[in-house]
S.K.: 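Mind having a look at this structure? Questions to follow.
Everything numeric in this text was worked out from a predicted model, so none of it was measured. Index from 1, following the sequence.
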Amino acid sequence: MQDIDDVTTSTHSTSVLTAPSMVGQKKTRVIADWAENRGYSVSLMERYFADDFTRQPMEPAIALCGLDNALGRRALDKVGFDLVVEAGLGRGHQDFQKIRLHVLPGLRKAESIWPAADHPNAPAIPNAYQKLVKTGSLDQCGATLLAGKAVGAPFVGMVASCLAVSEILRILHGGRPCQLADLDLLSLDHRHVVQMAGNNGLAQINPGFTEALVS
């Protein structure tokens, strides 16, 4: 689990796993506690993701990515993961409900999907957001402004997370992964999905599995 952010006063409005009592704690540690209490083993990395990161042979081979920085996304297929499932969300009031998912490696390299010339060194934040983000009144992830009010939209991230995990399950069961999935939660009938022509070597990946205990 890799992140650098702290839980802020607004995080609980955009996240289903945090509470106001967690403000000031690292997001990684809060979520690690949640996962470990349910029997998962967690390793933490509290640094920016960049192309100077190198996955070691004994580290997880599959990455689930939700970066809000396109420059970080450009490094996703360069650091040694066998499989990356990347999910991006809309950011403004007109597209906050949109989701775009990529599976890497694919027919296009990450640096081709997110060209450097199209993205500044830091994600652009509208002026109206700047003060709210700096004071912690607005979480940069998972929020939008509607009628001048900050509105949390955690359901979009929830759907994106389910879709990301489903791609791993698809490969585990011998299915052909999606190279791209593009959808608007307000118009699911008009979703756009592109499957890989071949498995691109992904059929050789076995992410492992364990027995599911149903109570």
S.K.: Kindly compute the distance separating CG (L163) from CZ (R170), expressed to the nearest 0.5 Å.
M.R.: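 L163 atom CG to R170 atom CZ measures 9.5 Å (nearest 0.5 Å).
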S.K.: Side chain to side chain contact (heavy atoms under 4.5 Å, CB included), that's the test. Do I168 and L64 meet it? Break it down for me.
M.R.: CA-CA 9 Å; I168 297 176; L64 296 174; 3.6 Å; yes
S.K.: For the atom pair SG (C178) and NE2 (H102), what is the distance rounded to the nearest 0.5 Å?
M.R.: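 Between atom SG of C178 and atom NE2 of H102 there are 12.0 Å.
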S.K.: Is there a side chain to side chain contact (heavy atoms under 4.5 Å, CB included) between L83 and V103? Walk through the geometry before answering.
M.R.: CA-CA 7 Å; L83 171 68; V103 174; 3.6 Å; yes
S.K.: Do K98 and L89 touch side chain to side chain, with heavy atoms closer than 4.5 Å?
M.R.: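 Counting from C-beta outward, K98 and L89 never come under 4.5 Å.
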S.K.: For residues L185 and F155, determine if any side-chain heavy atom of one lies less than 4.5 Å from a side-chain heavy atom of the other.
M.R.: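 Yes, at least one pair of side-chain atoms sits under 4.5 Å.
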S.K.: As an exercise, state the distance from CD1 of I4 to OG1 of T28, rounded to the nearest 0.5 Å.
M.R.: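 So the CD1 of I4 and the OG1 of T28 are separated by 10.5 Å.
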S.K.: Counting only heavy atoms not in M158, do more than 12 sit closer than 6.0 Å to its CE atom?
M.R.: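 No - once you tally the heavy atoms of other residues, nucleotides and ligands closer than 6.0 Å, there are 12 at most.
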S.K.: Have a look at E46 and tell me which of R29, Q2, K27 forms a side chain to side chain donor-acceptor pair (under 3.5 Å) with it.
M.R.: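 Output: one option passes, namely R29.
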S.K.: Using every non-hydrogen atom in the two residues, find where R74 and E111 come nearest and quote the distance to one decimal.
M.R.: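 Reported closest heavy-atom pair: NH1-O, 3.1 Å.
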S.K.: If you take all heavy atoms of W114 and A70, which pair is closest and at what distance?
M.R.: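 The answer is CB-O, 4.1 Å.
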S.K.: Is a donor on one side and an acceptor on the other found under 3.5 Å between the side chain of E59 and the backbone of Q56?
M.R.: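 Between the backbone of Q56 and the side chain of E59 there is a qualifying donor-acceptor contact (under 3.5 Å).
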S.K.: For the pair R191 (side chain) and L188 (backbone), establish whether a donor and an acceptor sit closer than 3.5 Å, ignoring hydrogens and angles.
M.R.: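 Checking the backbone N and O of L188 against the side chain of R191, a donor-acceptor pair under 3.5 Å is found.
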S.K.: Evaluate the side-chain proximity of F49 to V79: yes if any heavy-atom separation is below 4.5 Å, no if none is.
M.R.: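 Sidechains of F49 and V79: in contact.
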S.K.: Less than 4.0 Å between a side-chain N and a carboxylate O, is that true for D182 and R100?
M.R.: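 D182 and R100: salt-bridged.
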S.K.: Between the main-chain N or O of T11 and the side-chain N or O of S15, is there a donor-acceptor pair closer than 3.5 Å?
M.R.: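 Between the backbone of T11 and the side chain of S15 there is no qualifying donor-acceptor contact (under 3.5 Å).
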S.K.: Do you know which two heavy atoms are closest between A35 and V42, and how far apart they sit?
M.R.: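 Shortest heavy-atom separation between A35 and V42 comes out as CB-CG2, 3.8 Å.
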S.K.: Do V193 and L180 share a hydrophobic cluster (ILVMFWY, side-chain heavy atoms under 4.5 Å, transitive)?
M.R.: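 Per the 4.5 Å side-chain linkage, V193 and L180 are not co-clustered.
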S.K.: Starting from the C-alpha separation in whole Å, work towards a yes-or-no answer on side chain to side chain contact (heavy atoms under 4.5 Å, CB included) for V7 and M22.
M.R.: CA-CA 6 Å; V7 176; M22 300 171 180; 4.2 Å; yes
S.K.: Looking at R47 and D52, is there a salt bridge between them, counting it only when a charged N and a carboxylate O are closer than 4.0 Å?
M.R.: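 Counted as a salt bridge, because a side-chain N and a carboxylate O are separated by less than 4.0 Å.
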S.K.: By the definition side chain to side chain contact (heavy atoms under 4.5 Å, CB included), identify the one residue from V23, V30, T8 that meets it with T18.
M.R.: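 One option only clears the test, and that one is V30.
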S.K.: So R73 and E86, side chain to side chain contact (heavy atoms under 4.5 Å, CB included) or not? Walk me through it.
M.R.: CA-CA 8 Å; R73 291 185 179 122; E86 183 274 337; 2.7 Å; yes
S.K.: Heavy atoms only: give me the nearest A110-D77 pair and the separation to one decimal.
M.R.: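 Answer, listing the atom of A110 first, then D77: N-OD2, 2.8 Å.
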S.K.: Hey, are Q25 and D6 close enough side-chain-wise for a donor-acceptor pair under 3.5 Å?
M.R.: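 No - no donor-acceptor pair under 3.5 Å links their side chains.
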S.K.: Roughly how far apart are D184 CG and F96 CZ, rounded to 0.5 Å?
M.R.: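 Interatomic distance, D184 CG to F96 CZ, rounded to 0.5 Å: 9.0 Å.
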S.K.: Quick check for you: to the nearest 0.5 Å, what is the distance between L76 atom CG and F53 atom CZ?
M.R.: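 So the CG of L76 and the CZ of F53 are separated by 10.5 Å.
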S.K.: I need the L44 CG to M1 CE distance, nearest 0.5 Å.
M.R.: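 Here the interatomic distance stands at 6.5 Å.
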S.K.: Provide the closest heavy-atom pair for L67 versus G72 in the form atom of the first, atom of the second, distance.
M.R.: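 Where L67 meets G72 most closely, the heavy atoms are CD1-C, 3.6 Å.
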S.K.: For residues I99 and A160, report the shortest heavy-atom separation together with the two atoms involved.
M.R.: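 So the minimum-distance heavy-atom pair works out to CD1-N, 3.8 Å.
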